[in-house]
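See below for the structure under consideration.
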Amino acid sequence: MLKSFWQVPKIVVFSLCKSTENIMSNNLLAGKRGIIFGALDENSIAWKVALEAKSQGAVFTLTNAPVAMRFGEIKKLGEICNAEIIPADATSMPDLENLFTKSMEILGGKVDFILHSIGMSINVRKGLPYTDLNYDYFLKAMDISALSFHRVIQTARKLDAINDWGSIVALTYIAAQRAFPGYSDMADNKAALESIARSFGYYLGREKKIRVNTISQSPTATTAGAGIKGFDKFSSYAAKVSPLGNATAEDCARYTVMMFSDMTKMVTMQNLFHDGGFSNTGVSEDILDLV
Ligand code: NAI
């Protein structure tokens with residue numbers, strides 16, 4: 001008969017833990033090259049993806065908007081990951097062309113994966129309600145948070161910068177499907193982002209077997225996340241609804257890396273919920289105070 005966990009000798013538990021660690025770092029991305037957008041500071045989801053990709057054997061360049069170079073800590077990440085940093089405003093076609101051209105030179109060939117981890121809304125930052133938006137801010141947010149994804153993929157395609165069977169991932173939020181007051185115009189931006197993944201996924205799949213997906217992540221305490229009005233409250237609400245609780249940035253990094261790996265070769269044009277079960281839960285006993 002199996003012993004309960006607590007009866008297993010400590011030495012066995014220790015070696016089980018060690019073997020789990022080994023499973024977590026098994027060179028899933030060995031031989032792969034990539035570009036990671038959006039690491040601002042160590043809370044950023046892109047920061048965690050970079051660390052995970054590095055530990056899984058990938059080489060990559062890092063990029064962010066020129067202004068983020070001054071305020072963020074991306075240089076520190078570059079040193080940790082031994083990765084070159086190429087500034088690029090994701091709404092600028094010349095910046096993106098330069099980014100892909102330089103990345104291919106530095107990495108010694110086409111890339112296998114791209115992470116788009118970019119979001120910004122001035123309407124959200126200024127706390128403007130959805131019913132009274134500023135349209136200049138809206139257009140800017142749409143360009144940065146959604147159209148930039150199209151710009152990135154279109155530029156890469158024109159430069160033939162992605163290998164066959166490559167993988168492109170963008171991060172999104174469930175406000176694209178459901179109403180979340182406070183998420184403001186970002187909800188519409190995320191809906192457009194997910195649509196771009198589907199549409200481009202079709203063309204790139206047929207042409208070169210390249211896959212394009214979005215990962216819909218739990219609320220995560222980052223600069224962008226904490227900018228949403230009432231973030232702490234809706235984050236703890238989501239944790240109470242989700243049977244597994246909220247997925248952390250580190251969990252998201254592991255999932256993203258799996259999407260870059262050859263383990264997920266046939267997954268494309270999907271919006272993948274990475275949210276501890278939130279998206280399929282109606283109500284929980286925690287929310288109803290039944291526990
Ligand atoms: P973050 O603030 O660390 O990252 C956002 C990044 O976008 C920053 O690095 C910023 O410099 C970059 N960016 C802004 N304007 C840019 C431009 N013009 N060109 C290039 N880069 C630009 O926050 P976080 O949370 O890591 O955000 C990453 C992605 O994850 C975003 O798409 C966000 O919407 C998404 N997401 C975040 C969630 C959260 O609760 N934090 C939940 C679900 C999705």
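Start at 1 and go down the list; that is how both ligands and their atoms are numbered. Only heavy atoms go into these numbers, but all of them, side chains included; no hydrogens, no water, no symmetry mates. Note that this is a predicted model, so its numbers are computed, not measured.
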What protein heavy atom is closest to atom 4 (O) of ligand 1, reported as residue, atom name and distance in Å? Gly38 O, 3.6 Å
Taking atom 18 (N) of ligand 1 as the reference point, the nearest protein heavy atom with its distance: Asp89 OD1, 3.1 Å
Is the closest N or O pair between Ala90 and ligand 1 shorter than 3.5 Å? yes
Top protein contact for atom 15 (N) of ligand 1, by heavy-atom distance: Ile144 CG2, 3.5 Å
Angle class for the Phe231/Phe234 ring planes (parallel below 30°, perpendicular above 60°, tilted otherwise)? perpendicular
Please say whether Tyr173 places an N or O atom under 3.5 Å from an N or O atom belonging to ligand 1. no
min-distance protein heavy atom vs atom 5 (C) of ligand 1 -> Ser117 O, 3.8 Å
Per-atom contacts, ligand 1 versus Thr172 - under 4.0 Å to a heavy atom: 43 (C), 44 (C)
Whether over 12 other heavy atoms sit under 6.0 Å from Lys102 NZ: no
Short question: side chain of Ser236, backbone of Lys233 - any donor-acceptor pair under 3.5 Å? yes
Ligand-side contact atoms (ligand 1) for residue partner Ala68, heavy atom cut-off under 4.0 Å: 11 (O)
For Glu194 and Thr214, which I'm curious about, is there any donor-acceptor pair between the side chains at under 3.5 Å? no
Against ligand 1, does Ala249 come closer than 4.0 Å with any heavy atom? no
Begin with the C-alpha distance, continue with both residues' side-chain angles, and end with the deciding distance and a verdict on side chain to side chain contact (heavy atoms under 4.5 Å, CB included) for Leu115 and Phe60. CA-CA 11 Å; Leu115 175 69; Phe60 47 84; over 6 Å; no
Please state which protein non-hydrogen atom is closest to atom 40 (O) of ligand 1 and give its distance, to 0.1 Å? Thr220 N, 2.7 Å
Nearest to atom 22 (C) of ligand 1, what protein heavy atom do you find, and at what distance? Ile118 CG2, 3.6 Å
For atom 24 (P) of ligand 1, tell me which residue out of Thr222, Leu96, Thr223, Thr91 has the closest non-hydrogen atom. Thr222
Atoms in ligand 1 with a heavy atom of Gln217 nearer than 4.0 Å: 42 (C), 43 (C)
Where the closest heavy atom to atom 10 (C) of ligand 1 is concerned, which of Asn43, Thr214, Asn64 has it? Asn64
Residue part near ligand 1, for Leu171, under 4.0 Å between non-hydrogen atoms: both
Are any of the N/O atoms in Ile45 less than 3.5 Å from those in ligand 1? yes
Looking only at distances, please establish whether an N/O atom of ligand 1 is found under 3.5 Å from an N/O atom of Pro219. no
Identify each donor-acceptor pair in which a side-chain atom of residues 74-86 lies under 3.5 Å from a protein atom, sequence neighbours left out, and give them as a table.
none

Protein heavy atom at shortest distance from atom 3 (O) of ligand 1: Ser44 OG, 2.6 Å
Got a sec: does the NZ of Lys140 have more than 12 other heavy atoms crowding it under 6.0 Å? no
A quick test of your reading: do over 12 heavy atoms of other residues, nucleotides or ligands sit less than 6.0 Å from NZ of Lys209? no
Relative to each other, are the rings of Phe37 and Phe100 parallel, tilted or perpendicular (30° and 60° limits)? tilted
Does Ser235 approach ligand 1 within less than 4.0 angstrom via side chain, backbone, both or neither, non-hydrogen atoms only? neither
Taking the six-membered ring of Trp165 (Phe, Tyr or Trp), confirm whether the NZ or CZ of Lys265 is under 6.0 Å from its centre and within 45° of its axis. yes
Would you mind running through ligand 1 and noting each atom that sits below 4.0 Å from a heavy atom of Ser218? 40 (O), 42 (C)
On the 0 to 90° scale, with breaks at 30° and 60°, tag the Tyr183-Tyr173 ring pair as parallel, tilted or perpendicular. tilted
Counting only heavy atoms not in Arg206, do more than 12 sit closer than 6.0 Å to its CZ atom? no
Please indicate whether any nitrogen or oxygen in Met120 is less than 3.5 Å from any nitrogen or oxygen in ligand 1. no
Looking at ligand 1, does any of its N/O atoms fall within less than 3.5 Å of an N/O of Asp41? no
Taking non-hydrogen atoms only, is Lys190 closer than 4.0 angstrom to ligand 1 via side chain, backbone, both or neither? side chain
CA sep, side-chain torsions, deciding dist, call: Leu204, Ile168, side chain to side chain contact (heavy atoms under 4.5 Å, CB included): CA-CA 10 Å; Leu204 294 191; Ile168 306 173; 3.8 Å; yes
Check contact between Phe231 and ligand 1, using heavy atoms of the residue and a distance below 4.0 angstrom. yes
Say whether, by atom type as modelled, one donor and one acceptor occur between the side chain of Ser167 and the main chain of Met259 under 3.5 angstrom. yes
Ranked by distance from atom 27 (O) of ligand 1, the top protein heavy atom is Ala224 CB, 4.0 Å
